[in-house]
A.B. asks: 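Just dropping this structure here.
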2 protein chains.
Amino acid sequence: MNSTEIEEIIKSRFPVLNKDSVIAFAKFSSFLNFKKGKKLIYEGKKHHSFYLILKGSAKAYYTKETKEVCSWFAFENEVIATIKTFNGLVSNETIMLLEDSKLIQFNTKSIKELATTNLDVSHFLNDTLTEHAVFLEEKLYQLQFMSSEERYKGLVNDVPGILQKVSLTDLASFLGVSRETLSRIRGKR
Amino acid sequence: MNSTEIEEIIKSRFPVLNKDSVIAFAKFSSFLNFKKGKKLIYEGKKHHSFYLILKGSAKAYYTKETKEVCSWFAFENEVIATIKTFNGLVSNETIMLLEDSKLIQFNTKSIKELATTNLDVSHFLNDTLTEHAVFLEEKLYQLQFMSSEERYKGLVNDVPGILQKVSLTDLASFLGVSRETLSRIRGKR
DNA sequence: AAAATCATTTGACAATTGTCACAAAATCAC
DNA sequence: GTGATTTTGTGACAATTGTCAAATGATTTT
């Protein structure tokens, strides 16, 4: 994939960026092809990249002792990043590909530097952060007000195909219930 | 309070803003004094302001049927806003003052317009959004990994004085447990 | 294809928490 | 201060969910 193609993708996915910003953005980007199971970000480490999924999917999870809890999933056309690593801090989650995937990798530091002088890029960060905050608020709302059964049904409805890509174990932890409880929710119909 | 004083407060609270931005910012700001119980933002309505608390405190809550769940509390020197109203949408939470408070009110639309041309202001929004996202992620993490007792103790430790300002009913819903369960957690010592 | 590994389901039981009803304590209004 | 209202605490019980163990089903490896 050459840099013109990357520019095209950036342009269509991030319409807030104007022509010059797209070109600047693309300078710090590269195309990557990874196998299922590849970890893009490790809990406990600092990282200098974020990603856009062109094809494939990923999960983010926290661990505590032996317990593993998924915090989100990402699919085609979605941005993969963590707030912590984006701000130069140690990540508290791991990000792993759920299948062989094609990605565009961006250099965090360079894009952030770009944002200090480039309004478009700063607006891009704003939009992305807003999206993320809305996602988190919605998730909290659902945890407070919806039963685990409603959350399950809502998710399957909102993200068609999720059952094909994500294991029920991961799905259960994402929904905030044990594997067994999810199994029982699915059982009654 | 005159506009120079407001400028001083904005300058010290939002160091990311340079001198000119502070002055521009202050143009869309005003000082307010409200009584306890005043609602700054109503669930189901659009609003055109966000606030900085100079003195006092506030809570944000969702309602569903008769159930009321606090999503956050804000104290001195903190910003009060909701993502939804900030983006011109109907709010899904209500914000109410917990005591007589002194606030600075900002006009959302004007500040957003300022951000389209002013890099500093755009960075200010970035910082504020990042802070908010970190807060939400931390809250989700605690809900997944910590017992309600640990969450209670952690909160009391992190926010000294919260027990004096917030009712136990609100605190319980914020922690994600029933009033009675919180009462029992507090009981055992 | 058999063996091995991994994911999911199911059962039995325990632990946690919610709900309802009411009592006690604190706060507010007059 | 007194009564009324609101907030908090407690008990009894039910409902939900987690945990552990084992069985079944699916997938991968050899």
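Just the heavy atoms: all of them, side chains too, but no hydrogens, waters or symmetry mates, feed the values below.
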A.B. asks: Check every atom of dT7(D), dA12(D), dA12(C) against the side chain of Arg184(B) and return the nucleotide holding the closest atom.
C.D. replies: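 Side chain of Arg184(B) sits closest to dA12(D).
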
A.B. asks: Given atom CG of Leu98(B) and atom P of dT6(D), what is their separation to the nearest angstrom?
C.D. replies: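 Rounding to the nearest Å, CG of Leu98(B) and P of dT6(D) are 17 Å apart.
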
A.B. asks: Nearest-Å distance, CD (Gln144(A)) to C1' (dT17(C))?
C.D. replies: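 My rounded result for the distance is 15 Å.
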
A.B. asks: Which nucleotide sits closest to the side chain of Thr181(B): dG18(D), dG18(C), dT9(C)?
C.D. replies: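 For Thr181(B), the side-chain atoms sit closest to dG18(C).
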
A.B. asks: Of Glu180(A) and Ser148(A), whose nearest nucleotide on DNA chain D comes first from the 5' end?
C.D. replies: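 Final value for this comparison: Ser148(A).
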
A.B. asks: Figure out the CG/C1' separation between Leu143(A) and dT16(D), and round it to whole Å.
C.D. replies: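 Interatomic distance, CG of Leu143(A) to C1' of dT16(D): 16 Å.
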
A.B. asks: What's the closest nucleotide to the Arg186(B) side chain, out of dT7(D), dG18(D), dG9(D)?
C.D. replies: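 Comparing dT7(D), dG18(D), dG9(D) against the side chain of Arg186(B), the answer is dG9(D).
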
A.B. asks: Quick test of your reading of the model: are Arg184(A) and Glu180(A) salt-bridged, counting only N-O distances below 4.0 Å?
C.D. replies: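 Result for this pair is no, no salt bridge flagged.
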
A.B. asks: Any strand counts, and the cut-off is 3.5 Å on both contacts for Watson-Crick or G-U wobble. Which nucleotide pairs with dT10(D)?
C.D. replies: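 Looking at the geometry, dT10(D) pairs with dA21(C).
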
A.B. asks: Any chance the side chains of Thr130(A) and Asp127(A) put a donor and an acceptor closer than 3.5 Å?
C.D. replies: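 Side-chain D/A pair, Thr130(A) to Asp127(A): absent.
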
A.B. asks: If you pin Leu182(A) and Lys67(B) to their nearest nucleotides in DNA chain C, which one's is more 5'?
C.D. replies: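 So the residue in question is Leu182(A).
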
A.B. asks: For the base of dG18(C), is there a side-chain donor-acceptor partner from Arg179(B) under 3.5 Å away?
C.D. replies: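 Counting by modelled atom types and ignoring angles, no donor-acceptor contact under 3.5 Å is found here.
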
A.B. asks: How many Å lie between CG on Leu171(B) and C1' on dG9(D), as a whole number?
C.D. replies: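 These atoms are roughly 15 Å apart.
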
A.B. asks: Just to be sure I understand the rule, does Ser178(B) reach a base, reach only the sugar-phosphate, or reach nothing, if contact means heavy atoms closer than 4.0 Å?
C.D. replies: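 Answer is base: heavy atoms of Ser178(B) come under 4.0 Å of a base.
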
A.B. asks: Specify the separation, in whole Å, of atom CD of Glu149(B) and atom P of dT16(C).
C.D. replies: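 Value for this atom pair: 10 Å.
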
A.B. asks: Look at Thr169(B) and dT8(D) and indicate whether a side-chain polar atom (N or O) is within less than 4.0 Å of OP1 or OP2.
C.D. replies: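 Yes, because at least one side-chain N or O of Thr169(B) sits under 4.0 Å from OP1 or OP2 of dT8(D).
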
A.B. asks: Are Asn126(A) and Val16(A) side-chain neighbours, meaning at least one heavy-atom pair lies under 4.5 Å?
C.D. replies: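 Asn126(A) does not reach Val16(A) side chain to side chain.
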
A.B. asks: I need the CZ-P distance between Phe145(A) and dG18(C), as an integer number of Å.
C.D. replies: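 Going from CZ in Phe145(A) over to P in dG18(C) covers 14 Å.
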
A.B. asks: Of the nucleotides dG9(D), dC28(C), dT10(C), which has the atom closest to the Ser183(B) side chain?
C.D. replies: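 Among the listed nucleotides, the one closest to the side chain of Ser183(B) is dG9(D).
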
A.B. asks: Any chance NZ of Lys102(B) has more than 12 other-residue heavy atoms, nucleotides or ligands included, within less than 6.0 Å?
C.D. replies: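 No.
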
A.B. asks: Rounded to whole angstrom units, what separation is found between the CG atom of Leu175(A) and the C1' atom of dT8(C)?
C.D. replies: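 Rounded to the whole Å, the gap is 16 Å.
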
A.B. asks: Please report, rounded to the nearest Å, how far the C1' atom of dG18(D) is from the CE atom of Met146(B).
C.D. replies: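 Roughly 19 Å, once rounded to whole Å.
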
A.B. asks: Parallel, tilted or perpendicular: which describes the rings of Phe14(A) and Phe25(A), with under 30° parallel and over 60° perpendicular?
C.D. replies: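 Tilted.
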
